[in-house]
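Structure first, commentary second.
Letters go in sequence order (proteins before strands), and every chain restarts at 1. Atom set for the values below is all heavy atoms of this structure, side chains included, hydrogens, waters and symmetry mates excluded.
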2 protein chains.
Amino acid sequence: MINFTIKFQSGVPIYEQVIYAVKKAIVTEQLKAGDRFPSVREVSKELRINPNTAQKAVSHLVRERLLEIKPGIGSIISELGAATKAQRDKILNDEVEKLVVESKRLSIKKEEVVDAINRGWKLDNKEG
Amino acid sequence: MINFTIKFQSGVPIYEQVIYAVKKAIVTEQLKAGDRFPSVREVSKELRINPNTAQKAVSHLVRERLLEIKPGIGSIISELGAATKAQRDKILNDEVEKLVVESKRLSIKKEEVVDAINRGWKLDNKEG
DNA sequence: CTAGCTGTACTATATCACATAATACACCTG
DNA sequence: CAGGTGTATTATGTGATATAGTACAGCTAG
C-alpha cells in the first residue's frame with residue numbers, strides 16, 4: 001500500500017510531484033526512518049502513472065538520500081542527515097531570495113512571510 | 001542601454017531568468033516606477049538572445065503588471081500594486097511550505113531561515 | 001511626409017524534457 | 001523454482017524552449 005498522500009495538479013512534472021509528496025511525508029513524520037517504501041511497480045499501479053515515471057521519482061529520492069535501496073527486497077526511508085554547504089547555500093541564499101523578491105513585488109510584508117513560516121514549521125500533512 | 005543585470009546559468013529557461021532579473025531589479029529599486037525599459041530588440045541584442053525569447057519575457061512581465069506598454073514608444077516600469085488573494089495564498093502557503101519542507105529535510109533550523117529572510121529583505125542587487 | 005523606431009504576430013526548424021508502452025535482466029527471498 | 005525487487009533498454013508522442021527570418025501597424029522625430 002501507498003503510505004503517503006498526493007493530489008496531482010497540471011503544470012508540474014508528475015515525478016517532481018511524487019518527490020515532493022514523499023519529502024513532505026518524511027518531514028511531517030508521516031513516513032519515518034526505517035519505514036518500508038512501496039516498490040516502483042506498486043507506486044506506479046496505485047498512482048496510475050507509468051513505471052518509468054515512478055522509477056524516475058524513486059531514483060531521484062535515492063540520489064537525494066531520502067531513500068535507501070535494499071537490493072532484491074525494496075527500499076526504506078533514510079535518516080535525515082546534515083546538509084552540505086552547497087545545499088544550505090542554495091536554500092538560505094537562492095531560495096530565500098526568490099521568496100523575498102516575489103513577496104516584495106506583491107507588496108507582502110516581511111512579518112506576514114515570517115508568520116507564514118512559523119505557522120508552516122509545525123506542519124500537519126493535509127494533502128501532497 | 002540595458003539597465004538591469006543578469007548572469008545566465010543553464011538549466012533554467014532564458015526568458016524566466018530575464019523575468020526574474022527584472023523583478024529583482026524593480027524590487028531592489030535598481031529600476032524605479034516610470035523608468036524606461038529597453039525595447040525588445042535592445043534586450044535581444046545586448047543579452048545576445050533571440051528576439052522572440054526577449055519578446056516572451058516582456059509579454060510575461062506585462063501580463064504580471066510589472067511593465068506597461070506605450071505603443072510605438074516603448075515600455076516603462078509600473079508601480080508595484082497590491083496582490084490578489086490567489087497571489088498572496090500562493091506565496092504564503094505554497095511557496096513558504098516548499099521552503100519549509102526543503103529546510104527541514106536538510107535539518108536547517110527555523111531561526112536560520114528567518115535570519116536569511118531578514119538579511120535578504122534589505123537587498124543589494126549584486127547579480128541577477 | 002518619411003525614415004526609423006516601437007510592439008506584435010506569424011512560419012519554420014531543432015532540441016530537449018516529460019510521459020507513456022513494452023521488454024528484459026540480475027538480484028534476493030520464501 | 002516462483003515471484004517479488006531495482007534497473008536498463010528501445011520506441012513513440014507531445015509540449016516547451018530557443019533559434020531564424022519575415023512581416024505589419026502604430027507612433028515619433030526629423
(request) Give a yes/no on whether any side-chain N or O of A:Thr53 is located under 4.0 angstrom from OP1 or OP2 of C:dT20. (result) yes
(message) Distance check needed: C:dT8 C1' versus B:Leu67 CG, whole Å only.
(response) 15 Å
(request) Provide, to the nearest angstrom, the distance between the CD atom belonging to A:Glu16 and the C1' atom belonging to C:dA17. (result) 10 Å
(request) Could you tell me the separation between the NE2 atom of A:His60 and the C1' atom of C:dA17, rounded to a whole number of Å? (result) 11 Å
(request) Return the 5'-most residue of the pair A:Ile73, A:Arg41 with respect to DNA chain C, ranking by each residue's nearest nucleotide. (result) A:Arg41
(message) At less than 4.0 Å, is any side-chain N or O atom of A:Tyr15 found next to OP1 or OP2 of C:dC18? Yes or no.
(response) yes
(request) Send over the distance from A:Gln55 CD to C:dA22 C1', rounded to a whole Å. (result) 15 Å
(message) If I take atom NZ in residue A:Lys45 and atom P in nucleotide C:dT20, what distance separates them, rounded to the nearest angstrom?
(response) 15 Å
(request) Would you kindly give the CD1-to-P distance between B:Ile14 and C:dC16, to the nearest whole Å? (result) 14 Å
(request) Can you tell me the distance, in whole Å, between the CZ atom of A:Arg48 and the P atom of C:dA21? (result) 12 Å
(request) Report yes if at least one side-chain N or O of A:Arg36 is closer than 4.0 Å to OP1 or OP2 of D:dT5; otherwise report no. (result) yes
(message) For a quick test of reading the model: is some side-chain N or O of A:Lys70 closer than 4.0 Å to OP1 or OP2 of C:dC28?
(response) no
(message) Starting the side chain at C-beta, find the nucleotide from C:dA9, C:dT8, D:dT7 nearest to A:Val40.
(response) D:dT7
(message) In this structure, would A:Ile117 and B:Leu106 fall into the same cluster of hydrophobic residues linked by side-chain contacts under 4.5 Å?
(response) yes
(request) Please tell me which of the listed nucleotides, C:dT6, D:dT7, D:dA18, lies nearest to the side chain of A:Ile69? (result) D:dT7
(request) Examine D:dA20: is either OP1 or OP2 under 4.0 Å from a nitrogen or oxygen in the side chain of B:Asn50? Give yes or no. (result) yes
(message) Rounded at 0.5 Å granularity, tell me how far CD in A:Glu68 sits from CD1 in A:Ile77.
(response) 9.5 Å
(request) Take the angle between the ring planes of A:His60 and A:Tyr15 and call it parallel below 30°, perpendicular above 60°, tilted in between. (result) tilted
(message) Just N and O in the side chain of B:Lys56: are any of them under 4.0 Å from OP1 or OP2 of D:dA18?
(response) no
(request) Among D:dT7, C:dA22, C:dC10, find the nucleotide with the atom closest to the side chain of A:Asn52. (result) C:dA22
(request) Please report the C-alpha distance between B:Glu95 and B:Lys98 in whole Å, then the side-chain angles of each, then the deciding distance to 0.1 Å, and finally whether the salt bridge (Lys or Arg N to Asp or Glu O under 4.0 Å) criterion is met. (result) CA-CA 5 Å; B:Glu95 297 299 322; B:Lys98 272 195 234 167; 3.7 Å; yes
(message) Just the rounded figure in Å: distance from P of D:dT5 to CZ of A:Phe37.
(response) 13 Å
(message) Would you compute the distance between atom CD1 of A:Ile91 and atom CG of A:Leu99 and round it to the nearest 0.5 angstrom?
(response) 11.5 Å
